[in-house]
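In what follows, a structure is listed as structure tokens, so that the remarks can point back to it.
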Amino acid sequence: MSDDKKASLNFIEEFIEEDINNGKHKGRVHTRFPPEPNGFLHIGHCKAIWINFELAKKYGGKANLRMDDTNPSTEKTDYVDSIKNDINWLGYEWEGTELYSSDYFQQLYEYATRLIEKGLAYVDDSTVEEIAEMKGEPTAPGVESPYRNRSIAENLDLFQRMRKGEFPDGSRVLRAKIDMTSPNMHLRDPIIYRIKHEHHHRTGNEWPIYPMYDFAHGQSDSIEGITHSLCSLEFIHHRPLYNWFIEQLDIFPSRQIEFARMNVAYMITSKRKLLKLVEEGQVSGWDDARMPTIAGMRRRGYPAEALRNFCERTGVAKRDNVIEMELLEFSVREVLNKTTPRVMAVLDPLKVVITNYPEGQEEFMETENNPEDEGMGKRKLPFSRELYIERGDFMVDAPRKFFRMKPEGDVRLKSAYILHCEGYETDPVTGEVTEVRCTYYPDSRSGEDTSGIKAKGTIHWVSASHAKRAEVRMFDRLFTDPAPTTHEGKDFMEFLNPDSLRVIEAFIEPSLMDAEVGAQMQFMRKGYFCVDQDSTEDKKVFNLTVTLKDSWAKAQKK
RNA sequence: AGACCCAUGGUGUAAUUGGCAACACAGCUGGUUUUGGUCCAGUCGUUCUAGGUUCGAGUCCUAGUGGGUCUACCA
């Protein structure tokens, strides 16, 4: 019956299935996510995590988490914890305990020694400038270092003394001896070890020399038996070198495959630039809800499931891409629509007095928590003579298609009565509406409406005497430009959105005072929100996760 | 300038590997709705250019054009 169409494979899956079909590694699939612990994970990492862990899952394989910690200057243990936490939060578990490139320092040292013994590596005494100079340009070949043809014995001796810490930082490096005329700059005798008398977050002062990325990453993959080493496009030029080391060292042949990293409009993923935002105080920290970090998005209220769905929808390819934020927001709303309770909160309050409703009287209105899911139950809302509604839900000179409250008009209060607007009061100075006066139809109560009145619109409300005040943080995109880092001659900071954060005071229904930090809900007709960690016992703080779609507002703009 | 990578609606990704170009988001129109939300239906719009191979090309070949990457003792 069902015409189960073949699910299409992305190009990495095609490679993997080809390898499996060829019996390579006995069909084993083992990936890894290799962050450098020098910053927080962001939306780009999110995609890399998704690819590596989902692929392993799909092919019944394993995925390692490996901290690529070969540079002691920038790496910190604090970051390790946040990285592990973020990955777990996204819903993934790595194989065994987390691994570290630094665990392989001894093995790497031996590999380097093996290279020297084969006459494929040499110690170079040149300065940084000299090495750069001799490297040449992409269009012009480089020249060989005067130290290039030292004897194996001398190289061995020098390298051992480097390891013993006999030489000062920067005085010498170990280079692979490949080809100074290669059109691929990475093959022009790349540096594989440098001297750094620096404390490492895990190996302490054990090592005065540290391997470079190219001499650590591929070998670590190999040591761990990684079958498919997935990385972003900019490493494509490193692949010949990656393979060269595997061949010369004759070690397990991991295969590097490059994919285009994911870019999202209005978000930046440069760790350096993100750090600048934090250090300059443009945001409150790495986990500011406006940050494209996983920690930030979590605090903002983006569900992990939404992020995973988003990664799946955006696909895997080799094309440069910028994904519209709308797709991310769709993914977020999609999950939240199903999972969050609806609650009443008025963000921009306007007082309504129901003149024919007895003073001092109160009623409790039953309302469903989520029309998408009856199982989420019902709750009661206090109702009284004075209410707050959204200022934007009242208009003095309303167009015909305005279905909310307007003079002489009827409007339904969600889960309560239908109101008839009798008039309004304004501030004599500013002309601003200060209060709306209405009457209610006693026989129009929700669920038992016999009034026969049909109100076209339904609006949300809170009882003035019962409502609580709360702080609400209304977030907007951090930048005004979809690609703030791509404009030549302009610093990305010039594109910071001055209105990315608007703090307002809102009135919320009393039940919300019980909401715990992290709790998520829909403020009816406004958007999805979550309780921020800055909340206190008597003052809740809510973060706007994402607004609801608003076709009325959209129509008004035209 | 050299090497390498890439090119399909506005955006992103597909196309049984040479056989009627599709899916999602966005847009637009309508329906349902006690959220102008959700949901449902419909609609708009695509193979960078020029040659070539072929009965047949988004797919293969050549050239061009456009975009990206590479010249850290970072990863």
Side-chain angles (χ1 to χ4, degrees), chain A residues 5-10 14 34-36 38 68-71 73-75 101 124 126-128 131-132 135-142 169-175 182-186 188 191-196 209-210 212-214 216-217 231 233-240 258 260 262 265 271-272 312-331 333-334 337-338 342 367-368 370-372 401-404 412-416 418 446-447 449 455-460 522-528 547-556:
Chain A
K5 50 191 162 199
K6 203 174 293 177
S8 62
L9 305 175
N10 65 49
E14 281 177 1
E36 182 186 12
N38 69 344
D68 216 346
D69 58 350
T70 57
N71 184 359
S73 317
T74 55
E75 294 149 7
S101 296
D124 194 331
S126 306
T127 63
V128 188
I131 288 176
K135 200 135 203 173
E137 285 171 46
T139 50
D169 287 7
S171 58
R172 287 180 167 86
V173 290
L174 183 69
R175 301 177 72 176
S182 171
N184 183 340
M185 299 296 286
H186 297 280
R188 320 248 264 228
I191 293 171
I192 59 181
Y193 262 96
R194 77 282 217 190
I195 300 172
K196 256 181 194 277
I209 57 173
Y210 292 92
M212 300 288 291
Y213 167 83
D214 285 308
H217 196 98
C231 63
L233 242 35
E234 68 257 38
F235 290 99
I236 198 162
H237 298 107
H238 294 247
R239 193 170 67 214
E258 312 84 12
M262 181 175 74
K271 274 193 226 173
R272 210 195 86 245
E312 178 163 14
R313 287 190 172 104
T314 51
V316 180
K318 297 183 75 166
R319 241 185 280 178
D320 288 330
N321 61 80
V322 182
I323 292 149
E324 293 176 337
M325 250 186 23
E326 283 80 359
L327 184 59
L328 211 206
E329 296 188 333
F330 167 81
S331 299
R333 289 191 188 103
E334 177 188 41
N337 176 49
K338 291 181 301 194
R342 273 58 172 169
T367 188
E368 71 276 18
N370 187 347
E372 304 290 314
K401 302 256 288 241
F402 184 80
F403 304 141
R404 283 111 92 149
R412 160 74 68 182
L413 292 178
K414 170 71 184 172
S415 298
I418 294 174
S446 271
D449 184 353
K456 180 82 175 160
T458 301
I459 62 175
H460 62 283
Q522 183 197 106
F523 284 0
M524 177 93 37
R525 301 207 302 135
K526 297 313 281 184
Y528 296 99
T547 60
L548 253 35
K549 281 190 8 184
D550 189 345
S551 55
W552 168 250
K554 193 182 292 174
Q556 290 311 289

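All chains are named by letter (A, B, ...) in the order of the sequence lines, taking the proteins before the strands, and each is independently numbered beginning at 1.
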Check: For atom P, what is the distance between B:A41 and B:U49, given to the nearest Å?
Finding: 34 Å
Notebook entry, point to check: Would A:Lys401 and A:Trp552 satisfy side-chain contact (heavy atoms from CB on, under 4.5 Å), going step by step from the backbone distance to the final call?
Noted result: CA-CA 10 Å; A:Lys401 302 256 288 241; A:Trp552 168 250; 4.3 Å; yes
Check: Which whole number of Å gives the distance between the C1' atom of B:G56 and that of B:A24?
Finding: 30 Å
Item checked: Sugar-phosphate, base or nothing in reach of A:Arg188, heavy atoms under 4.0 Å -> nothing
Next item on the list: Scan nucleotides 68-75 of chain B nucleotide by nucleotide, 5' to 3', and note B when protein non-hydrogen atoms come under 4.0 Å of the base, S if they reach only the sugar-phosphate, - if neither.
Entry: SBSB-BSB
Item checked: Heavy atoms of other groups near A:Glu326 CD, more than 12 under 6.0 Å -> yes
Checklist line | Same-atom distance (C1') from B:A21 to B:U47, integer angstrom | finding: 8 Å
Next item on the list: Look at all strands and tell whether A:Gly447 reaches a base, only sugar-phosphate, or nothing, counting heavy atoms closer than 4.0 Å.
Entry: base
Check: Angle class for the A:Tyr213/A:His238 ring planes (parallel below 30°, perpendicular above 60°, tilted otherwise)?
Finding: perpendicular
Notebook entry, point to check: For A:Thr314, which contact category applies under a 4.0 Å heavy-atom criterion: base, sugar-phosphate, or nothing?
Noted result: sugar-phosphate
Note to self: So A:Glu14, base contact, sugar-phosphate only, or nothing? Heavy-atom distance under 4.0 Å.
What the structure shows: base
Check: Between the base of B:U34 and the side chain of A:Ser446, is there any donor-acceptor pair under 3.5 Å?
Finding: yes
Checklist line | Polar contact flag, side-chain donor to acceptor under 3.5 angstrom, A:Glu372-A:Asn370 | finding: no
Margin query: With heavy-atom distances below 4.5 Å as the criterion, would you say the side chains of A:Asn71 and A:Arg194 are in contact?
Written below: yes
Check: Is A:Phe523 touching bases, backbone alone, or none of the nucleic acid, heavy atoms closer than 4.0 Å?
Finding: nothing
Notebook entry, point to check: Considering only the C1' atoms, how many Å lie between B:G45 and B:G10, rounded to the nearest integer?
Noted result: 9 Å
Notebook entry, point to check: If you count the non-hydrogen atoms of other residues, nucleotides and ligands that lie under 6.0 Å from NZ in A:Lys456, is the total more than 12?
Noted result: no
Item checked: C1' gap between B:G9 and B:C44, integer Å -> 10 Å
Next item on the list: Using a 90° cut-off around 0 for syn, call B:U47 syn or anti.
Entry: anti
Note to self: Students often get this wrong, so: under 4.0 angstrom with heavy atoms, is A:Phe330 touching a base, only sugar-phosphate, or nothing?
What the structure shows: sugar-phosphate
Note to self: By the 4.0 Å heavy-atom rule, please label A:Arg342 as base, sugar-phosphate, or nothing.
What the structure shows: base
Margin query: Would the base of B:U34 count as contacting A:Arg412 through its side chain, where contact means a donor and an acceptor less than 3.5 Å apart?
Written below: yes
Notebook entry, point to check: With a 4.5 Å limit on heavy-atom distance, are the side chains of A:Tyr528 and A:Thr547 in contact?
Noted result: no
Notebook entry, point to check: Expressed in whole Å, how much space separates the C1' atoms belonging to B:G12 and B:U32?
Noted result: 31 Å
Notebook entry, point to check: In dot-bracket form, how is RNA chain B paired, counting a Watson-Crick or G-U wobble pair only if both its distances are under 3.5 Å and using | for bases paired to another strand?
Noted result: .((((((..((((.....[..)))).(((((.......)))))....(((((..]....))))))))))).....
Next item on the list: Please state whether the phosphate of B:G12, meaning OP1 or OP2, lies under 4.0 angstrom from any side-chain nitrogen or oxygen of A:Arg319.
Entry: no
Notebook entry, point to check: Which part of the nucleic acid does A:Gln522 contact within heavy-atom distance under 4.0 Å: base, sugar-phosphate only, or nothing?
Noted result: base
Next item on the list: Could you measure between the two C1' atoms, the one in B:U59 and the one in B:C20, and give it in whole Å?
Entry: 15 Å
Notebook entry, point to check: If you measure from the P atom in B:U65 to the same atom in B:G42, how many Å do you get, rounded?
Noted result: 45 Å
Next item on the list: Would you mind telling me which of B:U35, B:A14, B:G10 lies closest to the side-chain atoms of A:Glu324?
Entry: B:G10
Next item on the list: Whole angstrom is fine here: how far is it from CG in A:Asn10 over to C1' in B:A15?
Entry: 15 Å
Notebook entry, point to check: Between B:A26 atom P and A:Lys549 atom NZ, what is the distance in whole Å?
Noted result: 5 Å
Next item on the list: Check every strand shown and say whether A:Ser551 touches a base, only sugar-phosphate, or nothing at a heavy-atom separation below 4.0 Å.
Entry: sugar-phosphate
Note to self: Taking any heavy-atom pair under 4.0 Å as a contact, classify A:Lys318: base, sugar-phosphate, or nothing.
What the structure shows: sugar-phosphate
